[in-house]
Amino acid sequence: MPTDLLFWLLVLPGMALGAYAQSRIKYNVSKYSRIPALSGATGAQVARYLLDASGLNRVTVEPTDGVLSDHYDPRSQTLRLSQGIYYTPSIAAVGIAAHEAGHAIQDADDYFALELRSLIVPLVQLSAQIAPWVFIGGLMLDLPRLAWFGAIMFGASTFFALVTLPVEIDASRRALNQLVTHRIITEERELEGVRAVLRSAAWSYVAAAVSAIGTWVFYFILLFARGGRNRT
């Protein structure tokens, strides 16, 4: 099978899923950002309430720049919400803020997948920068061991993408449970909106995992094919 065709067969599904996920995220966040939450609580207020209800008074909540740049930093125990989420009393803001609070609760519960993901972040950052160049350099210079090393290094990014899936899915599950338990959302249409926002975000992590796996498999197929040609 031609290499170009093989590349697209392995990588295109992840790219297609990524494009789909991004379109759904933009659509659902835009849609439910225009629908006020019946509680009238902003994203910042929801996050603060859920954190305090879980005994996490030490976790700070602060606004940050960017769009959909919301995240929880376990190192500083800081929950950062983008301006549109922090200050807005919308269904989308409630769902996203609760999701990030879910990460803080995971951290407090010593959730294994979150701890593992945090542990490998430095390795992933390093491998993402140099692994492709090591792999390509090994192929161009006809240094199989170097190419294999690059492919194995890229595995850190693949592993990170796979570990991220249960972390994000669990945070969304916790978010929905907390919102319902504390009656921050009380109507079915609110629940449907939060689910739509969180489900579309989850697809982006699925896409990242599919793309990483496809790229990694392509690397190994190239190496095996190159090894087979060298033996003939």
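Just the heavy atoms: all of them, side chains too, but no hydrogens, waters or symmetry mates, feed the values below. Positions are given from 1 along the sequence. Here the structure is a predicted model, which is why all the values come from computation and not from measurement.
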Is there a path of hydrophobic side-chain contacts, each under 4.5 Å between heavy atoms, that joins [X] and [Y]?
X	Y	result
L10	L222	yes
L179	L191	yes
I221	I213	yes
V197	I184	yes
I35	I85	yes

Practice prompt. Would you list the pairs meeting ring-ring contact (aromatic ring centres under 6.0 Å, His included) in which at least one residue belongs to residues 32-88, sequence neighbours left out?
Written response: Y49-H182
According to salt bridge (charged side-chain N to carboxylate O under 4.0 Å, His left out), who are the partners of [X], at least two apart in sequence or on a separate chain?
X	result
E62	R80
D109	R174
R199	none

Item to complete: Nearest 0.5 Å please: distance from the CD1 atom of I136 over to the OH atom of Y219.
Response: 6.0 Å
Practice prompt. Output the distance between atom CD (Q178) and atom CZ (R183), rounded to the nearest 0.5 Å.
Written response: 15.0 Å
What residues, two or more places apart in sequence or in another chain, satisfy side-chain contact (heavy atoms from CB on, under 4.5 Å) together with [X]?
X	result
L68	I25, V29, D70, I96
D52	R48, N57
A41	S39, Q45, V46

Worksheet item: Among all residues two or more places apart in sequence or in another chain, which pass the ring pair (Phe, Tyr, Trp, His ring centres under 6.0 Å) test with F159?
Response: none
Worksheet item: What residues form a ring pair (Phe, Tyr, Trp, His ring centres under 6.0 Å) with F220, not counting sequence neighbours?
Response: W148, W216
To check you understand the geometry: which heavy-atom pair defines the closest contact between [X] and [Y], and what is its length?
X	Y	value
G150	A131	O-CB, 3.6 Å
A101	L50	CB-CB, 4.3 Å
L198	A175	CD1-CB, 4.3 Å
L51	A104	CD2-CB, 3.6 Å
S157	S127	OG-OG, 3.6 Å
Y20	S23	O-OG, 2.6 Å

Could you tell me whether the side chain of [Y] reaches within less than 4.5 Å of the side chain of [X], counting heavy atoms only?
X	Y	result
V194	L176	yes
L139	L223	yes
F135	F154	no
P89	P36	no
L56	D107	no
Q83	D65	yes

Discussion item. Main chain of P166, side chain of D170: is a donor-acceptor contact present, judged purely on distance under 3.5 Å?
Written reply: no
Practice prompt. Evaluate the side chain to side chain contact (heavy atoms under 4.5 Å, CB included) criterion for residues E190 and V94: first the C-alpha distance (whole Å), next the side-chain angles of each, then the deciding distance (0.1 Å), finally the verdict.
Written response: CA-CA 10 Å; E190 288 188 297; V94 165; over 6 Å; no
Worksheet, complete the sentence: Exactly one candidate in V210, V167, T164 meets side chain to side chain contact (heavy atoms under 4.5 Å, CB included) with Y205; the answer is T164
Item to complete: May I ask you to list the residues sharing a hydrophobic cluster with L123, side-chain cutoff 4.5 Å, ordered by chain and number?
Response: none
Discussion item. If hydrophobic residues (ILVMFWY) are linked whenever their side-chain heavy atoms come closer than 4.5 Å, directly or via other members, who joins M153 in its cluster?
Written reply: L126, I130, V134, L141, L143, L146, F149
Worksheet item: Tell me, which pairs form a side-chain hydrogen bond (donor to acceptor under 3.5 Å, both in side chains) where one or both residues lie in residues 89-103, sequence neighbours left out?
Response: H99-H103, H99-E168, H99-S172, H103-Q106, H103-E168
